[in-house]
Amino acid sequence: MARTTTIGIAGATGYAGQELIRLGARHPEIRIGAAMASGASSSPRSLPALSHLWDGNIEPLSIDQLAAECDTVFLTLPDPVAAQIGPKLVAQGVRVLDLSGTFRLRDPTQRRHWYPATPELDTPAVYGLTEYARAALPEARLVACPGCYPTAALLALRPLHDAGLVHGDVIIDAKSGISGAGKTPSERTHFSECHGSVTAYSVLGHRHGAEIEQELGREATFTPHLVPIDRGILETIYVRTSADVTENQIASIFNHAYEHAPFVRVFGDALPEIKHVVHTNFCDIGWKFDPGTSRLVIVACLDNLVKGAAGQAMQNLNVALGLDETTGLT
Ligand SMILES: NC(=O)c1ccc[n+]([C@@H]2O[C@H](COP(=O)([O-])OP(=O)(O)OC[C@H]3O[C@@H](n4cnc5c(N)ncnc54)[C@H](OP(=O)(O)O)[C@@H]3O)[C@@H](O)[C@H]2O)c1
């Protein structure tokens with residue numbers, strides 16, 4: 001059977017781009033039409049780790065070629081590069097799923113601060129947290145796929161927030177594996193710097209904090225940490241509920257919110273762990289609640305490169321194409 005959609009991946013040699021090739025090569029309804037990177041001399045021309053799945057070549061980035069050969073393009077590029085090429089591809093009739101942060105923030109002041117290269121758009125991007133964006137995805141020409149940290153935080157917080165049960169400050173203590181920073185090492189992510197250590201970074205100043213607050217519509221204290229594992233995010237989220245909330249109410253709100261969400265697993269008081277979600281598109285959520293003090297601690301985890309990046313982007317495409325959301329992802 002002919003595969004229905006031809007995709008391009010711009011940024012295919014990066015961590016998220018390679019995950020997209022892995023997913024796209026196995027997807028029954030998708031053909032990979034183009035895989036591109038910077039074309040710099042250090043760019044690989046093939047991907048040996050994926051040679052059992054995909055035998056294509058990596059080509060230098062070409063907007064015209066992507067537009068001519070692909071129905072849909074995934075951008076797994078640095079923010080300023082995605083900012084420049086996303087609107088050009090949309091103008092040429094291509095559906096764009098952008099994994100960078102560049103189109104996520106709607107407030108112009110926040111956007112200028114965190115993503116100064118982002119141009120003004122006639123039509124804002126659809127924020128692609130799949131579980132809350134299903135209705136908008138089929139018509140969307142530009143989808144801003146959420147960040148890895150915001151995906152876990154929002155899936156954990158939205159059900160209670162939407163039910164009006166969150167009171168007071170929300171604290172998100174987040175830990176991420178090193179692949180969250182991409183393939184190019186820096187002093188912070190160099191093996192000898194991060195091995196055997198845990199560090200907090202960008203405290204009270206991480207752009208994902210602005211994204212979480214935008215989508216939640218309330219303030220949240222977000223503190224990311226780097227932990228010496230290659231992939232995975234775990235967030236411990238501290239919330240005060242209103243006084244009359246019961247344990248059963250919390251369970252029922254989470255269960256109801258994700259009843260029809262195949263990639264959100266709700267575990268109640270069995271707290272999730274990173275090792276159960278790596279290399280999957282699942283976001284696992286558990287919690288402990290003390291009704292006496294109305295203190296709720298939620299734990300959410302996911303794989304930053306799958307549900308936090310390539311997997312969620314592919315899930316969004318499945319929804320946009322009217323396919324079963326899990327196609328090619330299980
Ligand atoms: N890592 C994560 O967990 C994660 C999660 C969610 C979202 N994201 C976002 O997704 C995007 C990609 O992240 P990543 O971690 O996969 O990054 P990465 O590993 O650093 O890969 C970046 C990719 O972009 C290409 N590239 C860089 N500059 C380019 C240019 N001027 N023209 C064309 N291609 C260029 C690189 O190609 P070369 O090989 O030629 O350099 C590489 O393929 C980023 O915006 C990131 O914020 C990442």
Side-chain angles (χ1 to χ4, degrees), residues 8-23 34-50 57-63 65-66 73-86 88-89 96-105 114-115 117-118 125 127-130 143-154 174-186 189 202 206-208 211-212 224 226-227 229-234 274 277-279 281 283 301-316:
I9 300 158
T13 54
Y15 285 164
Q18 291 197 47
E19 281 297 326
L20 274 164
I21 291 191
R22 185 174 66 79
L23 294 171
M36 296 178 180
S38 70
S41 57
S42 58
S43 274
R45 288 212 297 270
S46 63
L47 298 173
L50 298 173
N57 281 323
I58 304 292
E59 299 165 274
L61 183 65
S62 158
I63 299 173
Q65 193 185 335
L66 284 170
V73 171
F74 293 91
L75 303 180
T76 53
L77 296 164
D79 304 311
V81 188
Q84 198 201 340
I85 79 166
K88 291 183 182 163
L89 287 167
V96 174
L97 293 132
D98 178 38
L99 282 78
S100 85
T102 204
F103 300 112
R104 292 180 196 148
L105 297 180
W114 294 110
Y115 302 104
T118 307
Y127 187 78
L129 183 67
T130 322
V143 178
C145 297
C148 43
Y149 285 125
T151 296
L154 293 168
K175 282 129 195 135
S176 173
I178 312 297
S179 62
K183 68 173 180 150
T184 306
S186 66
T189 61
S202 301
H206 193 289
R207 58 200 184 149
H208 284 181
E211 187 181 329
I212 292 166
L226 272 187
V227 294
I229 54 176
D230 63 343
R231 56 202 289 163
I233 280 179
L234 184 137
I274 282 179
V277 294
V278 285
H279 299 287
N281 198 46
C283 176
C301 61
L302 50 72
D303 185 323
N304 54 296
L305 296 175
V306 189
K307 183 59 175 164
Q312 176 150 252
M314 193 60 84
Q315 192 184 349
N316 283 337

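Both counts, for ligands and for their atoms, begin at 1 and track the order of listing.
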Discussion item. Under a 3.5 Å threshold, yes or no: a donor from one side chain and an acceptor from the other, between E211 and Y127?
Written reply: yes

Discussion item. So does T102 get a backbone contact from the side chain of T118, meaning a donor-acceptor N/O pair under 3.5 Å?
Written reply: yes

Discussion item. Taking G101's backbone N and O only, do any of them form a donor-acceptor pair with D79's side chain (distance below 3.5 Å, no angle check)?
Written reply: yes

Worksheet item: Does T76 use its side chain to pair, donor to acceptor, with the backbone of A10 at less than 3.5 Å?
Response: yes

Discussion item. Using 0.5 Å steps for rounding, measure from the CD1 atom of I21 to the CD1 atom of I9.
Written reply: 4.5 Å

Worksheet item: Considering only heavy atoms, which protein residues lie less than 4.0 Å from any atom of ligand 1?
Response: G11, A12, T13, G14, Y15, A16, A37, S38, S43, L61, T76, L77, P78, D79, V81, L99, S100, C148, S179, G180, G182, K183, R207, N304, L305, G308, A309

Worksheet entry | Criterion side chain to side chain contact (heavy atoms under 4.5 Å, CB included) against V143, the qualifying member of L99, L97, V96 | L97

